[in-house]
Amino acid sequence: MTVTTAAAPVIASFEGNMEIKRIVEAILFAAKQPMTCKQIQQVFPELEQPELQEVQQAVAAITEDYQSRPIELKQVASGYRFQVRSELSRWVSRLFEEKPPKYSRALLETLAIIAYRQPVTRGDIEDIRGVGVSSSIIQTLQEREWIRVIGHKEVPGRPALLGTTKQFLDYFNITTLNELPTLQRLDLSLDGKPLSAGKE
Amino acid sequence: MTVTTAAAPVIASFEGNMEIKRIVEAILFAAKQPMTCKQIQQVFPELEQPELQEVQQAVAAITEDYQSRPIELKQVASGYRFQVRSELSRWVSRLFEEKPPKYSRALLETLAIIAYRQPVTRGDIEDIRGVGVSSSIIQTLQEREWIRVIGHKEVPGRPALLGTTKQFLDYFNITTLNELPTLQRLDLSLDGKPLSAGKE
Amino acid sequence: MENALEQAPAFAIVNGAPFNQLPEDLYIPPDALEVFLELFEGPLDLLLYLIKRQNLDIVNIPVAEITQQYIDYIQFMGLLNIELAAEYLVMAALLAEIKSRMLLPRRPDAEEEEDDPRATLIRRLQEYECIRNAADELDQLPRLEREVFVTEVDSSALAIEQHFPDLELKELLLAFQDVLKRVDQLSHHQITKEALSVRERMATILAKLEGENSLLFSQLFIRKEGRHGVVVSFLAILELSKERLIDIIQPEPFAQIRVSAASSAQVETETEHD
């Protein structure tokens, strides 16, 4: 096998403060949650805080450094986190004896409705699915911190309006709702005429 | 700041299989526990398992790669794991520091009773306060090393007798309990004269 | 499972007109049918299945036929004593209503179409289908614990400074004052220096006795403290005795008085580290 230098991070272009970059990298590795640049900045003691821009530069340089390594600094909804590159996940997944959780269709459909149609009430979800929504599904979604109550609808009973959280996006490895797959619809038609009144 | 290449892992000397090294690195990063070379080897599917020696070479090369980064691949008793370099501890530890909460009313009263009425049992404290004393309060005070068990009362159950410690006196910068303020002095201080015994 | 069922021999479709004399569904053994129903997430899901199966190249939704099939299913479930969610029956009623309205003569009114009950149903089916696909795609997305693995870098070895809340002596006194107020012990409105010395001496003596079999009475006094100190120690010993925390023993007349922690044989020494 030929020796290649591809895996060696090259940081020739980094003009920022080397020490700040080292600290930012250590913080990103040690954090148990994704971190925003603002949050990283605030880990520094008040009198030694770098400018936000310096943190951003450091993050960019670190991202660059790991370009050819088996892990990457990835931006998700609630900040940056180090994660194993997807092409290696098939190996890494063998590390864990426990099978990853499987989610039922009922849960996934409920989650999809909340994600694509938010804000929605429980009643809305039931209308779309045509069946009652079990409390345990809503509870599971809330415990996983994928959904939260984002307000109340001003109708009798003031039902809670549900929406998704940043943790939901983090879990699915994306930054914004826009990155969700686009909705594809089955075009049913009525007597040969497409139904144009359908909501989209 | 001068640009330095010190932080760029150099892997010129690695002669092993690059792909195996990448996988080993990914495994070490994803593992929640330290991993031995043997354990790493076994993460590979049976038919694709590298020789133990190859894994060892990879581990050595990875250790080398991270020589100048803020994290290191370190061998501990149960295997290898990535950890934050100790010289960055001062920065990273701030990630995990929490602002101390204020002591509760219940804790202050419990401590006051122990200080002014020692030796007292938990039952005594409950009698004086008229409510139960939670174990966590006693535990907090013991962890802070302000109180300790100084004996046992010879009644059924042999309850512990609690008293204050030398650390308690040190904290308040007094040498004996006699220097604890009395209620009379409190009355004085409420008339405008500050309590001299207060810590600072 | 679902796939297998979808691959079941399809109806013949002749010029878009479905050939549905033989509902082969009814040949599915009852056990399979039960499992089959469990695959459905509700009446909309079941309806979509029926529609998709029947209209491989749909241009038209034959409500009447779908209704018939749906009701066949429901009835068959009933025969098998499979408990159905109420929603399935509500849908059956809705379909029956639509079907009966379809039997009425149509007016060639433009307005009529908006009122077409089929349109509402079809829109709901569309919306549901759309969500069903979205749920499938969501399930396919790479996600944490399955395809995405975050790095675990140990930081437990780092020295993390523990911060304790600050406390001022004044707060302690105020807390004690509150306690006293609450118990309404007017006689305790002042803590005299003397009383406190006695309490402290009690603690000191107990600590001294701990781990010892017994001490000479005289060992509990410190000569250099003078008369005041002796009085305080003596009061402390009396108080401890009264509270039965110590035993005062004189083995024989005129022998030296010894003091021990109450039943010192059992006193645990685990607590003393100072």
Side-chain angles (χ1 to χ4, degrees), chain A residues 26 29-32 34 71 74 81-84 86 88-90 92-93 95-96 98-113 115-117 126-132 170-174 180-193 195 197-200, chain C residues 16 39-48 51-52 55 58-63 85-88 90-91 94 113-114 116 118-156 158:
Chain A
F29 269 122
K32 310 272 176 246
I71 58 165
K74 162 112 184 168
R81 70 178 176 209
F82 276 108
Q83 59 188 48
V84 174
S86 56
L88 289 159
S89 54
R90 99 177 160 90
V92 170
S93 65
L95 250 177
F96 307 101
E98 258 179 69
K99 285 231 153 86
K102 276 198 103 172
Y103 297 101
S104 67
R105 260 186 72 196
L107 183 137
L108 288 166
E109 286 181 10
T110 305
L111 182 59
I113 292 168
Y116 284 94
R117 295 284 183 248
E126 294 181 347
D127 284 348
I128 295 176
R129 296 192 59 233
V131 284
D170 290 349
Y171 191 83
F172 288 96
N173 205 28
I174 55 180
L180 284 178
T182 42
L183 285 185
Q184 287 166 5
R185 57 191 330 164
L186 167 78
D187 273 311
L188 297 174
S189 59
L190 186 60
D191 297 333
K193 277 162 278 182
L195 282 163
K199 188 172 111 193
E200 183 56 8
Chain C
L39 288 172
F40 292 104
E41 284 295 328
L44 290 173
D45 204 15
L46 173 56
L47 263 183
L48 269 181
I51 291 167
K52 281 181 95 179
N55 298 272
I58 42 167
V59 280
N60 207 332
I61 290 194
V63 171
E87 289 94 350
Y88 285 92
V90 171
M91 180 59 74
L94 176 70
E113 195 169 307
E114 275 191 29
D116 189 337
R118 289 183 301 165
T120 317
L121 178 63
I122 289 168
R123 250 178 243 124
R124 284 187 67 192
L125 284 169
Q126 275 186 317
E127 173 73 357
Y128 177 68
E129 168 77 6
C130 186
I131 287 301
R132 214 179 61 169
N133 290 340
D136 282 347
E137 288 195 55
L138 205 56
D139 200 23
Q140 302 300 313
L141 281 185
R143 60 184 194 225
L144 278 186
E145 305 175 282
R146 203 180 62 186
E147 291 92 0
V148 180
F149 300 97
V150 292
T151 58
E152 306 272 341
V153 170
D154 187 81
S155 53
S156 62
L158 302 184

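Note on naming: letters A, B, ... go to the chains in the order of the sequence lines (proteins, then strands), and numbering restarts at 1 for each one.
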Engineer: In Å and rounded to the nearest 0.5 Å, what is the CD1 to CZ distance from I128(A) to R124(C)?
Structural biologist: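 Answer rounded to 0.5 Å: 9.5 Å.
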Engineer: Please give me the minimum heavy-atom distance between Y128(C) and R129(A), naming the atom from each residue.
Structural biologist: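 In terms of heavy atoms, the two residues are closest at CD1-CA, 3.9 Å.
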Engineer: Less than 4.5 Å to any heavy atom of chain C: does that hold for the side chain of I113(A), its backbone, both, or neither?
Structural biologist: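 For I113(A), backbone and side chain are both near chain C.
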Engineer: Quick one: of V90(C), T151(C), V148(C), D139(C), who has the most non-hydrogen atom pairs under 4.5 Å with chain A?
Structural biologist: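 Heavy-atom pair counts peak at T151(C).
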Engineer: As an exercise, state the distance from CG of D136(C) to CG of L108(A), rounded to the nearest 0.5 Å.
Structural biologist: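 Rounded to the nearest 0.5 Å, the CG-CG separation comes to 8.0 Å.
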Engineer: Run the side-chain contact (heavy atoms from CB on, under 4.5 Å) test on N173(A) and L144(C) for me, step by step, so that the C-alpha distance in whole Å, both residues' side-chain angles and the decisive distance to 0.1 Å come before the verdict.
Structural biologist: CA-CA 7 Å; N173(A) 205 28; L144(C) 278 186; over 6 Å; no
Engineer: If you measure from CD on E126(A) to CD on E87(C), what distance do you get to the nearest 0.5 Å?
Structural biologist: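 So the gap between those two atoms works out to 8.0 Å.
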Engineer: What part of K32(A) gets closer than 4.5 Å to chain C, counting heavy atoms only: side chain, backbone, both or neither?
Structural biologist: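 The side chain, not the backbone.
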Engineer: Supply the atom-to-atom distance E147(C) CD to Q83(A) CD, rounded to the nearest 0.5 angstrom.
Structural biologist: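 Rounded to the nearest 0.5 Å, the CD-CD separation comes out at 11.5 Å.
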Engineer: Return the CZ to CG distance between F149(C) and L95(A), rounded to the nearest 0.5 Å.
Structural biologist: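 It comes to 8.0 Å.
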Engineer: Do P181(A) and L141(C) come within less than 4.5 Å of each other through their side chains, counting heavy atoms only?
Structural biologist: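 When only atoms from C-beta onward are counted, L141(C) and P181(A) do touch, with a gap below 4.5 Å.
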Engineer: Go through E98(A) and E145(C) one step at a time and tell me if the side-chain contact (heavy atoms from CB on, under 4.5 Å) criterion holds.
Structural biologist: CA-CA 10 Å; E98(A) 258 179 69; E145(C) 305 175 282; over 6 Å; no
Engineer: Side chain from CB out, backbone as N, CA, C, O: work out which of these in T182(A) comes under 4.5 Å of a heavy atom of chain C, or both, or neither.
Structural biologist: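 For T182(A), the contact with chain C is made by the backbone alone.
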Engineer: Among Y103(A), Y171(A), F29(A), single out the residue with the greatest number of heavy-atom pairs under 4.5 Å to chain C.
Structural biologist: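 Ranked by heavy-atom pairs under 4.5 Å with chain C, first place is Y171(A).
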Engineer: Relative to chain C, which of S86(A), P101(A), A115(A), G132(A) shows the most heavy atom pairs under 4.5 Å?
Structural biologist: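 Top count of heavy-atom pairs under 4.5 Å with chain C: P101(A).
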Engineer: Grab the two heavy atoms, one from K102(A) and one from R143(C), that are nearest each other, plus how far apart they are.
Structural biologist: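 Shortest heavy-atom contact: CA-NH2, 4.4 Å.
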Engineer: Which pair of heavy atoms, one from R81(A) and one from V150(C), lies closest together, and at what distance?
Structural biologist: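 Closest pair (atom of R81(A), atom of V150(C), distance): CD-CG1, 3.5 Å.
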Engineer: Please determine, among A31(A), P34(A), S93(A), the option with the most heavy-atom pairs under 4.5 Å with chain C.
Structural biologist: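 Sorted descending by pairs with chain C, the first entry is S93(A).
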Engineer: For the CZ atom of F172(A) and the CD atom of Q140(C), what is their distance to the nearest 0.5 Å?
Structural biologist: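 It is 11.0 Å, given to the nearest 0.5 Å.
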Engineer: Closest approach of D127(A) and L44(C), non-hydrogen atoms and distance?
Structural biologist: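 Shortest heavy-atom contact: O-CD1, 4.4 Å.
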Engineer: Which heavy atom in A134(C) sits nearest to a heavy atom in Y116(A), and how many Å separate them?
Structural biologist: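 Heavy-atom minimum between the residues: CB-CE1, 3.6 Å.
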Engineer: What closest approach, in Å, do A112(A) and I131(C) show between heavy atoms, and which atom pair accounts for it?
Structural biologist: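 Taking A112(A) first and I131(C) second, the nearest heavy atoms are CB-O, 4.1 Å.
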